[in-house]
Structures are given as structure tokens and as C-alpha cells.
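One structure below.
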Amino acid sequence: MKRFYLTTAIDYANGSPHLGHAYEKILADAIVRARRLEGVSCHFLTGLDEHGQKVQETAERLGRDPQLLCDGMAKEFQAMCQRMGVAYDDYIRTTEPRHREVVKDILRQLNRKGEIYKAVYGGLYSVRAERFVQEKDRIDGRWPEDFGEVIELEEENYFFRLSNYQDWLVDFLQKNSNFIFPAHRQRQVLEFLKEPLNDLCISRPKSRLHWGIEMPFDGDYVTYVWFDALINYISAVGYGTENFSNFWPADVHVIGKDILSPAHAVYWPIMLHALDLPLPRCLLAHGWWLAKGGAKMSKSEGNAVHPMDYADIYGSDAFRYFVLREMNVGQDSNFSHDLFVARYRADLANDLGNLLSRLVSMVDRYCGGTVPAPALDGDLEKELKSFAESTVAHVRERCGAYDFAGALERIFSLVQAANRYLECREPWKLAKGGPEEQKMLRDCLGSGVECLRIGAELLFPAMPAAVEKMLAQLGVERAGDWRVLAWGKSTAGKKIGKRTILFPPVEEEEDALPPLSA
RNA sequence: CGCAGGAUGGAGCAGCUUGGUAGCUCGUCAGGCUCAUAACCUGAAGGUCGUUGGUUCAAAUCCAACUCCUGCACCCA
């Protein structure tokens, strides 16, 4: 049975995880969680890209074995996923035998088919940077300092016949306008494809680069890192085995906009096509997080956000909520401490956390801790029920369109509606009245709890851990299926759990900033 | 130069595909409430939707021109 198969980009093992990595994984995780709530069986892959020049250089600089270096990085990235509640099903590392063998198999196949040829490549080569450079790299006519000596170099390499497939790819993109999300990115790729494509150099001589997968038909070369890395999407799901068709084609490749073109939008489709494999259904290219005022985030600027610090201080769910709420998928977005705290305070602590808190408190105080049934008659109750149900429909639709910002905005409208409803009914006053008021009180609290229960179910893709805690306080099990999520009696008669503060208030001081370790 | 994205009340955003009284959150001001995490609810102030022209009965939304910001160097989500 074919599953919904989603991948993220595999992270490059040359640097520690940062906000961008965390965001991409959280976005992917939320998509998968939402899909599962629709009853779809899913497979969520992420992993680590371990070969290539940069990793080799870093390992040499540190005097460490590159494999050990990568082992450490894998642990770091996996720990981040764990911390962020990112529940992948499989983690692929490009140094694993299961990957290496598939890469070699594919190279053999393409070679047999005549898609690969050997040719001499000549150009300007920087000895210090250990790579080919171009005339346009010159600054004021001179080579940058860190290039060192630049020499003419001729080198034999293996090339993949990309250019043969350019027309096919353009045709494919024109016929499949939903291949890349958001749509304007697809136009950009088509623009890029107006220029003739060069064949792709897919080998590196071992004299220059040894840290890679050996070319199966020539032991003097290793495979170019991009060619190697992209294959993870099929090597991880058993390419060449009967299981493969349960996964491939992938439904979504979640990637950053920087690696859309040419790697994912050009190399990868052509590689697959040359192998007679179907293409993934969608490339989802997300934007970048910018520092305050739209500045680029970087380690050197010292304005990078450290996701783990936020998770440690505010909880991983608060962090997940922020990035999903604030980023319009596909566009760039700002991350600033002020924005984060504003969201945390207003949405999580005041609106949501406080709603839970007041409901649990009142059920405890006025109903002996047993949740009453939600009312079916009053006008306000009907209105609330109707809004909750339309919210379910709206959120399902938005999540299907990867619009978590829109979905979360709507869920918080529901939370506000519940707060407003309590304000209108004033259960704390009803509690002081006679039998009729007592009946209204029970109807009111039952409705309030039911409303929050539905909101919580909808929040699950964004805040899985917090939702479990909320539902535990409301005394209910998570339904775990949006298709049957209707206003009902599922909370009635349940005993509420222990009331705890889900999102504790944060201090006022500016110093409450997480430590910005450089 | 070219390509792409952006420009909406003090801040951050939505709306633009399928024109029709400008919406959300924060912030500010005034009021209400007391169940609750000094939280919640109500009301108000604040925008000629970058500029200029055009199409139209009607434009933030369509068209044209222009201005400003960002990205397009290996790497980086």
C-alpha cells in the first residue's frame, strides 16, 4: 500500500543545527501529523548529508576522522529533532551502506545507458580553496586573498548528460504547474531553464577529494556530493526492492528555497527521469528566517537564533507554535525575541493557557471535578458549536494547503470565542444561583470544555506535547482523527486531571533573552 | 542591466488568483468582570493600502510606468 511519503532536505554535516534546520523539520513534522489526523498512513524521512569537500576539510582541520565527525553531527541533529518533537520515521545518513550501494547501482545503470561520459574539464583552479573558480570571482581584477594561487588546470571527470533532458524538463514543468510550491518558484525555475543547461560534473578525483562514494567504474574518483545526496530520497526507502513502490514517488520534498534550483528542480527530476522513475509529486520550498529588520542571520553577524535555547526556556511546543504561526510558508519571515515573546504571552499564556486554566478550575470548583455534557439548546451554545465545527473544516483545509499560519490563526479565533462565551454566560455568577442556574452552569462549562477539546485536537500538529497535557487536564483521550472530530459528548462525565500551568508567564526584563552564544 | 520577491494604521502580518464599505495579532486609550497564568471581555483612537497614470459604475485587488528595500558569489533551511 502506497504511503504518503515526505522528506526534508538532508542536513549538511559541516555545521551545527540552527533555526533554519529546526524550522524545516518542524514544518515537515506538522505536515505529517496533520496528514495522519486525516487517516493517511505516512512515512517521514530526514537525514544527514555527510560527504564532500567541506566535511573533509573540517575533519582535517580538527584532525579527526571524517566518519567520527559525522557521527557526532548526526547525534546533534537527531537530538535537536528529539527536543523539538520531530517524530521522523527514518533517518538516513549518506555514509550508510544502504545508501552507498544504491548510489553505486545508479551510477552503474546510468553509465550502462550511456548517460555518463568522461571528458576533460579545463579551467582556473584555486589551490588553496581547492576548487575551480571563475573569472567573475575576481574582485577589482584580482583574486580574493583566500584563493591563494590560481592556476590553469585540466582535469578529467565524469559528466551526466543533463542537457539532453532540458526540453523534457521544461515541458514537464509547463504541464505540471503545481510541481513546485509556492507557484512563483516554478516560474523562476522555468526562467532559469531558458539558458542552455551544462552537463553535470558528477565526479571528483580522489587526489583532491577522497571523502565520498567511490565511482563504481573508476576507483580514482568519488561521486560529487549533490549527486550522492539527492539519491537519499530513494535509497532510504528500498530502491531496487519490492518495498520501494510503497513509498515512491514521494509526495513532498520539503526544502529551503536556496536548494530548489538547480539541485531539486533540475538535477533531481532529470536523474529520476533518466532512471525511468516517476518524479516526486511536489517540491515545497520554504523561505528563510531573517533577523530583526530583515537582516540575514549568520553566525558571523552574531544574530543567529539558537532554537534549543528557546525550547529550553519556553518549551519546544512554544517554539513550534511560533515558527508555524509566524512564517507564511514559502516567504521569508522575521524572528526576533520581541515577536516571540509577544506571541508566547498573548496567544499561548493568556488566551489558550488561561482558557484551560479557568475551565479546569471551574469544573473542579463547581462540578466536583466531573465534566458536564455540552449544552445543545441555548443560542450561544449553538453559535459556539457551529463556530467550532466550521473551524474544524477550515483548519483541515488550511493544513492541506500547508498554510499553518492560517490554520493557527483560526484556531486561536476559536479560543477567543470560547473566552468570550464564558464572559457572556458568566458561570461564576450562575454558580451562586438556584437549580435553574445550576443547570445553565453545567451546560456552560460542558460547552466550554468541549470547545477547548476541539481546539486542542486541531492544535496537535503544531503542539503535540502541549495538546496531550491539555487533554489530560480536561480528562479526555485524544481522538486522533480529524474526520470524526465533531461537537459531542466525549468529554461528558470525565474526571478532570490536575490543573497545572501550561505556559508560565515570562519575566519582563530584557535580560530574559536566551544567551546568545556566538 | 536582467530576473524574482516585498512595499497595507506605532510593530508584525493577512487580503490581491475569482475587483464592490480595509481585516488579524501586538501596542495605546477608556470601560466591564473576578472563574482564571495581573489573565479574560467590551468599546475607541489610529491607514487616501510605495508613487503616478489607465481600465471600470466601482481597484489594496486588473494594466502601464516609476521609486525604494531584499535576494540572485562558494556555502548556508
Side-chain angles (χ1 to χ4, degrees), chain A residues 8-9 11-12 14-15 17-28 52-54 126 129 131-134 136-139 144 146-147 182-185 187-189 191-192 194 254-261 285-290 292-299 304 323 325-328 330-334 336 338-339 341-343 345-366 403 405-406 409-410 412-413 415-416 418-431 441 444-445 448 499-506:
Chain A
T8 69
D11 301 311
Y12 197 49
N14 192 43
H18 59 246
L19 175 58
H21 297 114
Y23 169 67
E24 182 174 295
K25 273 57 189 173
I26 289 168
L27 173 63
Q53 191 85 46
K54 290 274 175 189
S126 153
R131 63 180 176 90
F132 282 93
V133 297
Q134 295 182 315
K136 63 180 173 184
D137 288 328
R138 286 186 195 259
I139 298 165
D146 49 327
F147 278 19
H184 73 259
R185 297 264 171 230
R187 272 180 262 134
Q188 223 171 339
V189 172
E191 205 59 41
F192 173 83
K194 280 181 179 165
V254 177
I255 57 173
K257 65 177 184 180
D258 54 312
I259 54 171
L260 174 67
S261 181
H286 65 250
W288 285 41
W289 286 98
L290 303 173
K292 212 170 196 171
K296 208 167 161 176
M297 258 182 214
S298 73
K299 270 188 190 166
V323 294
R325 174 68 186 82
E326 206 66 22
M327 174 81 86
N328 292 298
Q331 294 184 30
D332 292 346
S333 223
N334 299 311
S336 79
D338 295 346
L339 286 170
V341 169
R343 283 269 174 227
R345 235 182 228 149
D347 297 358
L348 298 182
N350 296 352
D351 285 357
L352 179 63
N354 184 50
L355 173 64
L356 173 72
S357 196
R358 66 201 300 211
L359 280 170
V360 171
S361 165
M362 285 192 281
V363 170
D364 185 34
R365 192 191 290 204
Y366 305 141
D403 178 17
E409 182 182 5
R410 179 58 186 257
F412 275 81
S413 297
V415 169
Q416 284 181 355
N419 273 321
R420 199 178 311 127
Y421 167 75
L422 293 178
E423 226 54 46
C424 293
R425 277 279 180 257
E426 300 181 301
W428 48 92
K429 283 185 183 165
L430 296 172
L441 169 69
C444 167
L445 292 180
R499 181 175 149 236
T500 56
I501 301 299
L502 230 47
F503 301 103
V506 297

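Throughout, protein chains are lettered first and strands after them, A, B, ... in sequence-line order, and every chain is numbered starting at 1. For the numbers below, each heavy atom of this structure counts, side chains included, while hydrogens, waters and symmetry mates do not.
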*Considering only heavy atoms from C-beta outward, does the side chain of A:Met362 approach that of A:Leu422 to under 4.5 Å?*
yes
*Please give, in whole Å, the distance from B:G6 C1' to A:Lys257 NZ?*
11 Å
*By a strict heavy-atom criterion of less than 4.0 Å, which residues belonging to residues 18-28 of chain A are in contact with RNA chain B?*
A:His18, A:Gly20, A:His21, A:Glu24
*Could you please name the option among B:C35, B:U37, B:A77 that lies closest to any side-chain atom of A:Arg358?*
B:C35
*A:Asp11 side chain, from C-beta outward: closest of B:A77, B:C35, B:C33*: B:A77
_Can you work out whether A:Ser361 or A:Gln416 has the more 5'-proximal nearest nucleotide on RNA chain B?_
A:Gln416
*Show the numbers, then the answer: is there a side chain to side chain contact (heavy atoms under 4.5 Å, CB included) between A:Leu352 and A:Leu502?*
CA-CA 9 Å; A:Leu352 179 63; A:Leu502 230 47; 5.8 Å; no
*Closest to the A:Glu423 side chain, choosing from B:C35, B:U34, B:A77*: B:C35
_As an exercise, state the distance from CD of A:Gln188 to CG of A:Leu260, rounded to the nearest 0.5 Å._
8.0 Å
*asked:* Nearest to the side chain of A:Gln188, heavy atoms from C-beta on, is which of B:A77, B:C35, B:A4?
replied: B:A4
_From CZ of A:Arg425 over to C1' of B:C40, roughly how many Å is that when rounded to an integer?_
17 Å
*With respect to the side chain of A:Arg499, which nucleotide from B:A77, B:C26, B:A36 is positioned closest?*
B:A36
*State whether the side chain of A:His286 and the backbone N or O of A:Gln331 hold a donor-acceptor pair below 3.5 Å, judged by distance alone.*
no
Pairs under 3.5 angstrom, nitrogen or oxygen only, protein versus nucleotides 62-64 of chain B, please.
none

_Closest-nucleotide mapping onto RNA chain B: is A:Asn350 or A:Ala346 further toward the 5' terminus? I mean the 5' end._
A:Ala346
*asked:* The side chain of A:Arg187 is closest to which nucleotide in this list: B:C40, B:C26, B:G5?
replied: B:G5
*Would you please name every residue forming a salt bridge (charged side-chain N to carboxylate O under 4.0 Å, His left out) with A:Arg325, sequence neighbours left out?*
none
*Looking at side-chain heavy atoms only, is the closest gap between A:Arg499 and A:Asp364 below 4.5 Å?*
no
*Donor-acceptor pair present, A:Asn354 side chain and B:A36 base, under 3.5 Å*: yes
*Can you sort out the partners of A:Tyr366 under ring-ring contact (aromatic ring centres under 6.0 Å, His included), two or more places apart, ordered by chain and number?*
none
*Using atom CG of A:Asn419 as one end and atom P of B:A36 as the other, report the distance to the nearest whole Å.*
14 Å
*Rounding to a whole Å, what distance do you find between A:Arg410:CZ and B:C24:C1'?*
13 Å
*Tell me: CZ of A:Arg185 to P of B:G71, nearest whole Å?*
14 Å
*Roughly how many Å is it from CG in A:Leu422 to P in B:U42, rounded to a whole number?*
12 Å
*Nearest whole angstrom, please: distance from the C1' of B:C35 to the CG of A:Leu355.*
11 Å
Kindly give the atom pairs (protein nitrogen or oxygen, nucleotide nitrogen or oxygen) under 3.5 Å for nucleotides 12-19 of chain B.
| residue | atom | partner | partner atom | Å |
| --- | --- | --- | --- | --- |
| B:G12 | O3' | A:Asn334 | ND2 | 3.2 |
| B:G12 | O2' | A:Glu326 | OE2 | 3.0 |
| B:C13 | OP1 | A:Asn334 | ND2 | 2.9 |
| B:C13 | O3' | A:Asn328 | ND2 | 2.9 |
| B:A14 | OP1 | A:Asn328 | ND2 | 2.6 |
| B:A14 | OP1 | A:Gln331 | OE1 | 3.3 |
| B:A14 | OP1 | A:Gln331 | NE2 | 3.4 |

_Nearest-angstrom distance from the residue atom CZ of A:Arg420 to C1' of B:U25_ = 14 Å
*Contiguous Watson-Crick or G-U pair runs (3 or more, under 3.5 Å) in RNA chain B*: B:2-7 with B:67-72, B:10-13 with B:23-26, B:28-32 with B:40-44, B:50-54 with B:62-66
